[in-house]
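Remarks on the structure that follows.
Side-chain atoms are counted along with the backbone in the values below, which use heavy atoms only and exclude waters and symmetry mates. Convention: sequence-line order gives letters A, B, ...; per-chain numbering from 1. Given the structure is predicted, the values throughout are model-derived calculations rather than measurements.
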Amino acid sequence: MQDGGARMKILIADDDTMSLRMLRRTLEREQYEVETATDGGQALALLQEPDGPRLVLLDWMMPVMDGPEVCREVRRRRVGQHVHILMLTSKSSKQDIVDGLNAGADDYLTKPFDPAELKARLRTGLRILELEDRLVEAREEMRFKATHDPLTGLFNRGAILEHMKRELARTEREGGTTTVLLGDVDHFKRINDTYGHPAGDDVLREMATILTRACRSYDYVGRYGGEEFLVVLSNCDVAVAQARAEAIRSQVEAARIQTSGGELRATISLGVFTTTQSPGLDADEALREVDLALYRAKGDGRNCIRMAESVFTEIAEDELVLMPVGA
Amino acid sequence: MAEHVESPSETLDFRDLLKRLDSDLDFLDEVVGMFQTEYPTLLANLDKGIAVDDFVLAERAAHTLKGMLGNLSMAEARATASRIEMAARAKSKAETVEAVPPLRGQVAKALELLDECRTAARV
(Lines give C-alpha, C1' and ligand atoms only; values in the text may rest on other atoms or scores of the structure.)
Protein backbone atom coordinates (compact mmCIF):
# COMPACT_ATOMS: atom_id res chain seq x y z
CA MET A 1 0.00 0.00 0.00
CA GLN A 2 1.25 3.48 -0.78
CA ASP A 3 2.14 5.78 2.10
CA GLY A 4 -0.51 8.49 2.59
CA GLY A 5 -0.88 11.50 0.30
CA ALA A 6 -2.43 11.59 -3.15
CA ARG A 7 -2.92 8.36 -5.04
CA MET A 8 -0.13 7.68 -7.50
CA LYS A 9 -1.16 7.37 -11.11
CA ILE A 10 0.03 4.27 -12.88
CA LEU A 11 -0.35 3.30 -16.50
CA ILE A 12 -0.83 -0.32 -17.51
CA ALA A 13 -0.15 -0.83 -21.21
CA ASP A 14 -1.07 -4.32 -22.37
CA ASP A 15 -3.10 -5.62 -25.28
CA ASP A 16 -4.03 -8.75 -23.33
CA THR A 17 -7.35 -7.79 -21.74
CA MET A 18 -7.16 -10.53 -19.14
CA SER A 19 -3.73 -9.47 -18.00
CA LEU A 20 -4.90 -5.85 -17.98
CA ARG A 21 -7.89 -6.72 -15.80
CA MET A 22 -5.83 -8.71 -13.32
CA LEU A 23 -3.19 -6.02 -13.02
CA ARG A 24 -5.79 -3.29 -12.67
CA ARG A 25 -7.46 -5.09 -9.82
CA THR A 26 -4.18 -5.81 -8.03
CA LEU A 27 -3.04 -2.20 -8.31
CA GLU A 28 -6.36 -0.59 -7.43
CA ARG A 29 -6.32 -2.64 -4.25
CA GLU A 30 -2.95 -1.01 -3.59
CA GLN A 31 -4.62 2.42 -3.94
CA TYR A 32 -3.01 3.28 -7.27
CA GLU A 33 -4.98 5.42 -9.70
CA VAL A 34 -4.92 3.16 -12.73
CA GLU A 35 -4.99 4.25 -16.38
CA THR A 36 -4.89 1.70 -19.17
CA ALA A 37 -3.77 1.50 -22.77
CA THR A 38 -4.15 -1.42 -25.15
CA ASP A 39 -1.50 -0.38 -27.65
CA GLY A 40 1.83 1.41 -27.61
CA GLY A 41 0.51 4.51 -29.36
CA GLN A 42 -2.15 5.05 -26.70
CA ALA A 43 0.42 4.48 -23.98
CA LEU A 44 2.79 7.07 -25.42
CA ALA A 45 -0.03 9.62 -25.80
CA LEU A 46 -1.05 9.19 -22.15
CA LEU A 47 2.54 9.54 -21.00
CA GLN A 48 2.96 12.77 -22.95
CA GLU A 49 0.03 14.43 -21.18
CA PRO A 50 1.08 17.23 -18.82
CA ASP A 51 -0.18 15.39 -15.75
CA GLY A 52 0.44 11.94 -17.18
CA PRO A 53 1.39 8.88 -15.11
CA ARG A 54 5.00 8.63 -13.94
CA LEU A 55 4.81 4.92 -13.17
CA VAL A 56 4.26 2.49 -16.04
CA LEU A 57 3.77 -1.23 -16.44
CA LEU A 58 4.59 -1.84 -20.05
CA ASP A 59 4.02 -4.99 -22.05
CA TRP A 60 6.53 -5.79 -24.78
CA MET A 61 4.39 -7.00 -27.67
CA MET A 62 1.60 -4.55 -28.46
CA PRO A 63 -0.03 -3.18 -31.62
CA VAL A 64 1.03 0.18 -33.12
CA MET A 65 4.25 0.44 -31.09
CA ASP A 66 5.90 -2.27 -29.03
CA GLY A 67 7.15 -1.76 -25.49
CA PRO A 68 10.80 -0.99 -26.34
CA GLU A 69 9.69 1.58 -28.95
CA VAL A 70 7.51 3.27 -26.34
CA CYS A 71 10.46 3.28 -23.93
CA ARG A 72 12.76 4.87 -26.47
CA GLU A 73 10.19 7.53 -27.40
CA VAL A 74 9.46 8.37 -23.76
CA ARG A 75 13.17 8.78 -23.05
CA ARG A 76 13.66 10.82 -26.23
CA ARG A 77 10.68 13.14 -25.80
CA ARG A 78 10.17 13.56 -22.09
CA VAL A 79 12.07 16.55 -20.77
CA GLY A 80 10.20 16.96 -17.49
CA GLN A 81 9.83 14.51 -14.67
CA HIS A 82 11.24 11.02 -14.88
CA VAL A 83 8.86 8.22 -15.86
CA HIS A 84 9.62 4.92 -14.12
CA ILE A 85 9.00 2.12 -16.60
CA LEU A 86 8.64 -1.46 -15.47
CA MET A 87 8.52 -3.78 -18.42
CA LEU A 88 6.20 -6.68 -17.67
CA THR A 89 6.35 -9.29 -20.36
CA SER A 90 6.38 -12.97 -21.06
CA LYS A 91 9.64 -12.51 -22.98
CA SER A 92 12.05 -13.89 -20.49
CA SER A 93 15.42 -14.63 -22.09
CA LYS A 94 18.55 -12.85 -20.86
CA GLN A 95 18.80 -11.09 -24.19
CA ASP A 96 15.18 -9.87 -23.93
CA ILE A 97 15.90 -8.41 -20.50
CA VAL A 98 19.05 -6.69 -21.75
CA ASP A 99 17.20 -5.33 -24.81
CA GLY A 100 14.31 -4.06 -22.68
CA LEU A 101 16.58 -2.28 -20.22
CA ASN A 102 18.70 -0.86 -23.02
CA ALA A 103 15.55 0.55 -24.64
CA GLY A 104 15.01 2.64 -21.51
CA ALA A 105 13.06 0.46 -19.09
CA ASP A 106 14.01 0.92 -15.45
CA ASP A 107 13.00 -2.53 -14.34
CA TYR A 108 11.92 -5.82 -15.85
CA LEU A 109 9.50 -8.47 -14.64
CA THR A 110 8.32 -11.58 -16.41
CA LYS A 111 4.75 -12.84 -16.74
CA PRO A 112 2.91 -14.40 -15.11
CA PHE A 113 3.44 -11.84 -12.40
CA ASP A 114 3.80 -12.65 -8.75
CA PRO A 115 1.66 -10.09 -6.89
CA ALA A 116 4.07 -9.68 -3.99
CA GLU A 117 7.06 -9.17 -6.28
CA LEU A 118 5.14 -6.77 -8.50
CA LYS A 119 4.06 -4.66 -5.52
CA ALA A 120 7.60 -4.64 -4.11
CA ARG A 121 9.09 -3.54 -7.44
CA LEU A 122 6.51 -0.79 -7.78
CA ARG A 123 7.37 0.42 -4.30
CA THR A 124 10.99 0.61 -5.46
CA GLY A 125 9.81 2.69 -8.41
CA LEU A 126 7.89 4.98 -6.07
CA ARG A 127 10.99 5.46 -3.92
CA ILE A 128 12.98 6.47 -7.00
CA LEU A 129 10.28 8.94 -8.07
CA GLU A 130 10.11 10.39 -4.56
CA LEU A 131 13.87 10.80 -4.56
CA GLU A 132 13.67 12.60 -7.89
CA ASP A 133 10.94 14.87 -6.52
CA ARG A 134 13.14 15.78 -3.56
CA LEU A 135 16.08 16.51 -5.86
CA VAL A 136 13.94 18.69 -8.13
CA GLU A 137 12.58 20.52 -5.10
CA ALA A 138 16.11 21.14 -3.82
CA ARG A 139 17.21 22.35 -7.26
CA GLU A 140 14.23 24.72 -7.49
CA GLU A 141 14.97 26.04 -4.03
CA MET A 142 18.57 26.70 -5.03
CA ARG A 143 17.44 28.34 -8.25
CA PHE A 144 15.06 30.57 -6.29
CA LYS A 145 17.78 31.52 -3.84
CA ALA A 146 20.16 32.33 -6.68
CA THR A 147 17.68 34.71 -8.31
CA HIS A 148 15.77 36.21 -5.39
CA ASP A 149 16.49 38.61 -2.60
CA PRO A 150 16.11 36.77 0.72
CA LEU A 151 14.74 39.77 2.60
CA THR A 152 11.96 40.84 0.24
CA GLY A 153 11.43 37.76 -1.94
CA LEU A 154 11.79 39.98 -5.01
CA PHE A 155 14.19 39.28 -7.87
CA ASN A 156 17.72 40.13 -6.85
CA ARG A 157 19.92 42.56 -8.73
CA GLY A 158 21.31 40.01 -11.19
CA ALA A 159 17.93 38.54 -12.02
CA ILE A 160 16.07 41.83 -12.43
CA LEU A 161 18.83 43.16 -14.70
CA GLU A 162 18.56 40.00 -16.80
CA HIS A 163 14.80 40.50 -17.13
CA MET A 164 15.30 44.13 -18.04
CA LYS A 165 17.87 43.25 -20.72
CA ARG A 166 15.57 40.62 -22.16
CA GLU A 167 12.56 42.94 -22.24
CA LEU A 168 14.55 45.73 -23.89
CA ALA A 169 15.89 43.31 -26.48
CA ARG A 170 12.38 41.98 -27.11
CA THR A 171 11.05 45.51 -27.56
CA GLU A 172 13.84 46.33 -29.98
CA ARG A 173 13.10 43.15 -31.93
CA GLU A 174 9.31 43.05 -31.89
CA GLY A 175 8.20 46.63 -31.17
CA GLY A 176 6.01 47.75 -28.27
CA THR A 177 7.42 49.50 -25.25
CA THR A 178 9.34 48.71 -22.12
CA THR A 179 9.22 50.93 -19.07
CA VAL A 180 11.81 50.92 -16.30
CA LEU A 181 11.10 52.42 -12.90
CA LEU A 182 13.91 52.95 -10.41
CA GLY A 183 12.67 53.75 -6.92
CA ASP A 184 14.65 54.71 -3.86
CA VAL A 185 13.23 54.93 -0.34
CA ASP A 186 13.72 58.47 0.95
CA HIS A 187 15.89 59.01 4.01
CA PHE A 188 16.29 55.31 4.51
CA LYS A 189 19.54 55.69 6.39
CA ARG A 190 17.70 57.85 8.88
CA ILE A 191 15.09 55.11 9.37
CA ASN A 192 17.80 52.58 10.08
CA ASP A 193 19.67 54.89 12.40
CA THR A 194 16.57 55.98 14.31
CA TYR A 195 14.51 52.81 14.53
CA GLY A 196 17.12 50.13 13.98
CA HIS A 197 17.91 47.83 11.08
CA PRO A 198 15.08 45.36 11.79
CA ALA A 199 12.62 48.23 11.36
CA GLY A 200 14.43 49.21 8.16
CA ASP A 201 14.01 45.65 6.94
CA ASP A 202 10.28 45.84 7.69
CA VAL A 203 10.08 48.99 5.59
CA LEU A 204 11.86 47.28 2.69
CA ARG A 205 9.48 44.32 2.90
CA GLU A 206 6.49 46.67 2.85
CA MET A 207 7.94 48.44 -0.21
CA ALA A 208 8.23 45.06 -1.92
CA THR A 209 4.60 44.30 -1.15
CA ILE A 210 3.39 47.64 -2.49
CA LEU A 211 5.47 47.35 -5.65
CA THR A 212 4.35 43.80 -6.31
CA ARG A 213 0.69 44.67 -5.84
CA ALA A 214 1.05 47.63 -8.17
CA CYS A 215 2.38 45.45 -10.97
CA ARG A 216 0.80 42.92 -13.29
CA SER A 217 1.71 39.25 -13.23
CA TYR A 218 3.91 39.66 -16.30
CA ASP A 219 5.85 42.66 -14.96
CA TYR A 220 9.12 42.27 -13.07
CA VAL A 221 9.99 43.73 -9.69
CA GLY A 222 13.43 43.45 -8.16
CA ARG A 223 15.59 44.78 -5.37
CA TYR A 224 18.32 46.61 -7.22
CA GLY A 225 20.41 47.14 -4.11
CA GLY A 226 20.09 48.61 -0.61
CA GLU A 227 16.83 50.54 -0.61
CA GLU A 228 16.59 50.76 -4.41
CA PHE A 229 13.97 48.86 -6.39
CA LEU A 230 13.81 48.29 -10.13
CA VAL A 231 10.53 47.62 -11.91
CA VAL A 232 10.23 46.52 -15.56
CA LEU A 233 6.83 47.01 -17.18
CA SER A 234 5.82 45.73 -20.61
CA ASN A 235 3.82 47.73 -23.11
CA CYS A 236 2.98 50.83 -21.08
CA ASP A 237 2.92 54.12 -22.97
CA VAL A 238 4.43 57.18 -21.32
CA ALA A 239 1.15 58.28 -19.72
CA VAL A 240 0.44 54.85 -18.25
CA ALA A 241 4.02 54.48 -17.03
CA GLN A 242 3.80 57.86 -15.35
CA ALA A 243 0.46 56.97 -13.76
CA ARG A 244 1.83 53.65 -12.52
CA ALA A 245 4.85 55.33 -10.94
CA GLU A 246 2.65 57.95 -9.33
CA ALA A 247 0.34 55.25 -7.98
CA ILE A 248 3.32 53.51 -6.37
CA ARG A 249 4.56 56.74 -4.89
CA SER A 250 1.18 57.65 -3.41
CA GLN A 251 0.60 54.14 -2.05
CA VAL A 252 3.97 54.24 -0.29
CA GLU A 253 3.19 57.66 1.11
CA ALA A 254 -0.19 56.49 2.42
CA ALA A 255 1.08 53.24 3.93
CA ARG A 256 1.28 52.87 7.69
CA ILE A 257 4.13 50.44 7.99
CA GLN A 258 4.14 48.14 10.97
CA THR A 259 7.74 47.60 12.05
CA SER A 260 9.61 46.27 15.06
CA GLY A 261 10.26 49.92 15.93
CA GLY A 262 6.57 50.85 15.78
CA GLU A 263 4.36 52.19 13.04
CA LEU A 264 6.34 54.20 10.49
CA ARG A 265 5.64 56.28 7.41
CA ALA A 266 8.02 56.43 4.47
CA THR A 267 8.19 57.95 1.02
CA ILE A 268 9.82 56.94 -2.22
CA SER A 269 11.31 58.81 -5.14
CA LEU A 270 11.09 57.28 -8.61
CA GLY A 271 12.76 57.74 -11.96
CA VAL A 272 10.82 56.58 -15.01
CA PHE A 273 12.24 55.59 -18.35
CA THR A 274 10.27 54.35 -21.35
CA THR A 275 11.63 53.15 -24.65
CA THR A 276 9.19 55.40 -26.51
CA GLN A 277 11.13 58.38 -25.22
CA SER A 278 14.53 57.03 -26.13
CA PRO A 279 14.22 54.01 -28.43
CA GLY A 280 17.14 51.73 -29.16
CA LEU A 281 18.99 52.16 -25.87
CA ASP A 282 20.66 49.12 -24.39
CA ALA A 283 20.29 48.08 -20.75
CA ASP A 284 23.26 50.10 -19.48
CA GLU A 285 22.06 53.21 -21.28
CA ALA A 286 18.48 52.75 -20.05
CA LEU A 287 19.77 52.33 -16.50
CA ARG A 288 21.76 55.50 -16.81
CA GLU A 289 18.66 57.36 -18.04
CA VAL A 290 16.42 56.12 -15.25
CA ASP A 291 19.13 56.72 -12.66
CA LEU A 292 19.40 60.32 -13.81
CA ALA A 293 15.64 60.70 -13.58
CA LEU A 294 15.72 59.36 -10.01
CA TYR A 295 18.56 61.75 -9.25
CA ARG A 296 16.32 64.60 -10.40
CA ALA A 297 13.46 63.38 -8.24
CA LYS A 298 15.76 63.41 -5.23
CA GLY A 299 17.04 66.87 -6.16
CA ASP A 300 13.48 68.17 -6.53
CA GLY A 301 12.67 67.40 -2.92
CA ARG A 302 12.02 63.62 -2.93
CA ASN A 303 8.64 61.85 -2.68
CA CYS A 304 8.04 62.53 -6.38
CA ILE A 305 8.52 60.95 -9.77
CA ARG A 306 10.55 62.27 -12.65
CA MET A 307 10.52 61.11 -16.23
CA ALA A 308 13.81 60.47 -17.96
CA GLU A 309 14.78 63.26 -20.33
CA SER A 310 17.13 62.62 -23.15
CA VAL A 311 18.98 65.81 -22.34
CA PHE A 312 20.53 63.98 -19.41
CA THR A 313 22.24 61.62 -21.75
CA GLU A 314 24.26 64.56 -22.88
CA ILE A 315 25.63 65.22 -19.42
CA ALA A 316 28.96 63.65 -18.76
CA GLU A 317 29.04 61.57 -15.63
CA ASP A 318 31.85 63.55 -14.08
CA GLU A 319 29.68 66.65 -14.19
CA LEU A 320 27.08 65.10 -11.90
CA VAL A 321 27.08 65.52 -8.17
CA LEU A 322 26.09 62.07 -7.00
CA MET A 323 23.86 61.82 -3.96
CA PRO A 324 24.91 59.50 -1.15
CA VAL A 325 23.08 56.24 -0.67
CA GLY A 326 19.90 56.64 1.40
CA ALA A 327 19.71 60.36 0.81
CA MET B 1 -10.74 -29.57 -0.83
CA ALA B 2 -9.80 -31.98 -3.61
CA GLU B 3 -6.22 -33.17 -3.81
CA HIS B 4 -5.46 -31.39 -7.09
CA VAL B 5 -6.48 -28.11 -5.47
CA GLU B 6 -3.74 -28.55 -2.91
CA SER B 7 -1.08 -30.09 -5.16
CA PRO B 8 0.41 -27.99 -7.90
CA SER B 9 0.77 -29.66 -11.26
CA GLU B 10 2.08 -28.70 -14.68
CA THR B 11 -1.49 -28.78 -15.93
CA LEU B 12 -2.77 -26.32 -13.35
CA ASP B 13 -1.30 -24.78 -10.22
CA PHE B 14 -4.54 -23.71 -8.60
CA ARG B 15 -2.90 -22.46 -5.42
CA ASP B 16 -0.61 -20.19 -7.43
CA LEU B 17 -3.59 -18.96 -9.41
CA LEU B 18 -5.57 -18.17 -6.25
CA LYS B 19 -2.57 -16.33 -4.81
CA ARG B 20 -2.42 -14.13 -7.90
CA LEU B 21 -6.11 -13.32 -7.46
CA ASP B 22 -5.96 -12.77 -3.70
CA SER B 23 -8.16 -15.88 -3.27
CA ASP B 24 -11.14 -14.01 -4.70
CA LEU B 25 -13.28 -16.77 -6.23
CA ASP B 26 -15.70 -14.31 -7.84
CA PHE B 27 -12.82 -12.62 -9.56
CA LEU B 28 -11.53 -16.03 -10.61
CA ASP B 29 -14.92 -16.67 -12.30
CA GLU B 30 -14.59 -13.35 -14.12
CA VAL B 31 -11.06 -14.12 -15.31
CA VAL B 32 -11.99 -17.61 -16.49
CA GLY B 33 -14.97 -16.09 -18.31
CA MET B 34 -12.63 -13.67 -20.08
CA PHE B 35 -10.39 -16.53 -21.16
CA GLN B 36 -13.31 -18.60 -22.41
CA THR B 37 -14.51 -15.63 -24.46
CA GLU B 38 -11.16 -14.89 -26.04
CA TYR B 39 -9.71 -18.37 -26.42
CA PRO B 40 -11.75 -19.34 -29.53
CA THR B 41 -10.76 -16.12 -31.32
CA LEU B 42 -7.09 -16.62 -30.51
CA LEU B 43 -7.21 -20.22 -31.68
CA ALA B 44 -8.96 -19.12 -34.89
CA ASN B 45 -6.22 -16.51 -35.47
CA LEU B 46 -3.59 -19.16 -34.88
CA ASP B 47 -5.23 -21.54 -37.36
CA LYS B 48 -5.72 -18.77 -39.91
CA GLY B 49 -2.13 -17.60 -39.58
CA ILE B 50 -0.88 -21.12 -40.18
CA ALA B 51 -3.26 -21.68 -43.10
CA VAL B 52 -2.22 -18.57 -45.03
CA ASP B 53 1.41 -18.55 -43.88
CA ASP B 54 0.83 -15.36 -41.92
CA PHE B 55 3.42 -16.14 -39.29
CA VAL B 56 3.11 -12.71 -37.67
CA LEU B 57 -0.58 -13.37 -36.98
CA ALA B 58 0.21 -16.85 -35.69
CA GLU B 59 3.05 -15.60 -33.50
CA ARG B 60 0.90 -12.84 -32.00
CA ALA B 61 -1.97 -15.22 -31.25
CA ALA B 62 0.40 -17.71 -29.63
CA HIS B 63 2.08 -14.95 -27.64
CA THR B 64 -1.24 -13.69 -26.26
CA LEU B 65 -2.29 -17.24 -25.43
CA LYS B 66 0.99 -17.80 -23.67
CA GLY B 67 0.37 -14.75 -21.50
CA MET B 68 -3.17 -15.78 -20.64
CA LEU B 69 -2.23 -19.37 -19.85
CA GLY B 70 0.58 -18.11 -17.67
CA ASN B 71 -1.80 -15.88 -15.76
CA LEU B 72 -4.06 -18.91 -15.26
CA SER B 73 -1.08 -20.92 -13.92
CA MET B 74 -1.42 -23.53 -16.69
CA ALA B 75 2.29 -24.17 -17.12
CA GLU B 76 2.10 -27.09 -19.53
CA ALA B 77 -0.20 -25.34 -22.01
CA ARG B 78 1.79 -22.13 -21.58
CA ALA B 79 5.00 -23.95 -22.56
CA THR B 80 3.32 -25.33 -25.67
CA ALA B 81 2.02 -21.88 -26.64
CA SER B 82 5.53 -20.57 -26.16
CA ARG B 83 6.86 -23.31 -28.48
CA ILE B 84 4.30 -22.32 -31.12
CA GLU B 85 5.26 -18.66 -30.75
CA MET B 86 8.93 -19.44 -31.34
CA ALA B 87 8.15 -21.77 -34.24
CA ALA B 88 6.00 -19.09 -35.89
CA ARG B 89 8.73 -16.50 -35.37
CA ALA B 90 11.13 -18.90 -37.08
CA LYS B 91 8.50 -19.37 -39.83
CA SER B 92 8.63 -23.10 -39.24
CA LYS B 93 5.25 -24.19 -40.47
CA ALA B 94 5.66 -27.89 -39.68
CA GLU B 95 6.69 -27.25 -36.09
CA THR B 96 3.89 -24.72 -35.64
CA VAL B 97 1.20 -27.04 -37.02
CA GLU B 98 2.50 -29.96 -34.98
CA ALA B 99 2.15 -28.15 -31.64
CA VAL B 100 -1.45 -26.91 -32.06
CA PRO B 101 -3.32 -30.17 -31.27
CA PRO B 102 -1.36 -30.73 -28.04
CA LEU B 103 -2.14 -27.17 -27.07
CA ARG B 104 -5.87 -27.71 -27.54
CA GLY B 105 -5.72 -30.90 -25.50
CA GLN B 106 -3.69 -29.35 -22.69
CA VAL B 107 -5.98 -26.33 -22.45
CA ALA B 108 -9.08 -28.55 -22.41
CA LYS B 109 -7.56 -30.71 -19.66
CA ALA B 110 -6.51 -27.68 -17.63
CA LEU B 111 -9.96 -26.06 -17.94
CA GLU B 112 -11.59 -29.27 -16.81
CA LEU B 113 -9.32 -29.40 -13.79
CA LEU B 114 -9.93 -25.73 -13.12
CA ASP B 115 -13.69 -26.34 -13.04
CA GLU B 116 -13.22 -29.07 -10.47
CA CYS B 117 -10.97 -26.84 -8.37
CA ARG B 118 -13.39 -23.93 -8.51
CA THR B 119 -16.25 -26.18 -7.42
CA ALA B 120 -14.17 -27.68 -4.63
CA ALA B 121 -12.99 -24.28 -3.47
CA ARG B 122 -16.59 -23.06 -3.19
CA VAL B 123 -17.57 -25.94 -0.92
Taking all non-hydrogen atoms of both residues into account, name the closest pair between [X] and [Y] and its distance.
X: A:Met61; Y: B:Glu59; value: CE-OE2, 4.0 Å
X: B:Met34; Y: A:Thr17; value: CE-O, 3.3 Å
X: A:Asp16; Y: B:Thr64; value: OD2-O, 4.2 Å
X: B:Lys19; Y: A:Pro115; value: O-CG, 3.8 Å

Toward chain B, the part of A:Asp14 with a non-hydrogen atom under 4.5 Å
neither
Pair A:Arg29 + B:Asp24, salt bridge at N-O below 4.0 Å
yes
Separation of [Y] [atom2] from [X] [atom1] (nearest 0.5 Å):
X: A:Arg25; Y: B:Phe27; atom1: CZ; atom2: CZ; answer: 5.0 Å
X: A:Lys91; Y: B:Glu85; atom1: NZ; atom2: CD; answer: 6.5 Å
X: B:Glu30; Y: A:Arg21; atom1: CD; atom2: CZ; answer: 4.0 Å

Could you tell me whether [X] atom [atom1] has more than 12 heavy atoms of other residues or ligands within 6.0 Å of it?
X: B:Lys93; atom1: NZ; answer: yes
X: A:Arg72; atom1: CZ; answer: yes
X: B:Glu112; atom1: CD; answer: no
X: A:Glu137; atom1: CD; answer: no

Checking B:His63 against A:Ser90 for the side chain to side chain contact (heavy atoms under 4.5 Å, CB included) test, could you report, in this order, the C-alpha distance in whole Å, the side-chain angles of both residues, the deciding distance, and whether it holds?
CA-CA 8 Å; B:His63 177 79; A:Ser90 50; 3.1 Å; yes
What are the residues of residues 101-114 of chain A, in order of number, with any heavy atom under 4.5 angstrom from a heavy atom of chain B?
A:Lys111, A:Pro112, A:Phe113, A:Asp114
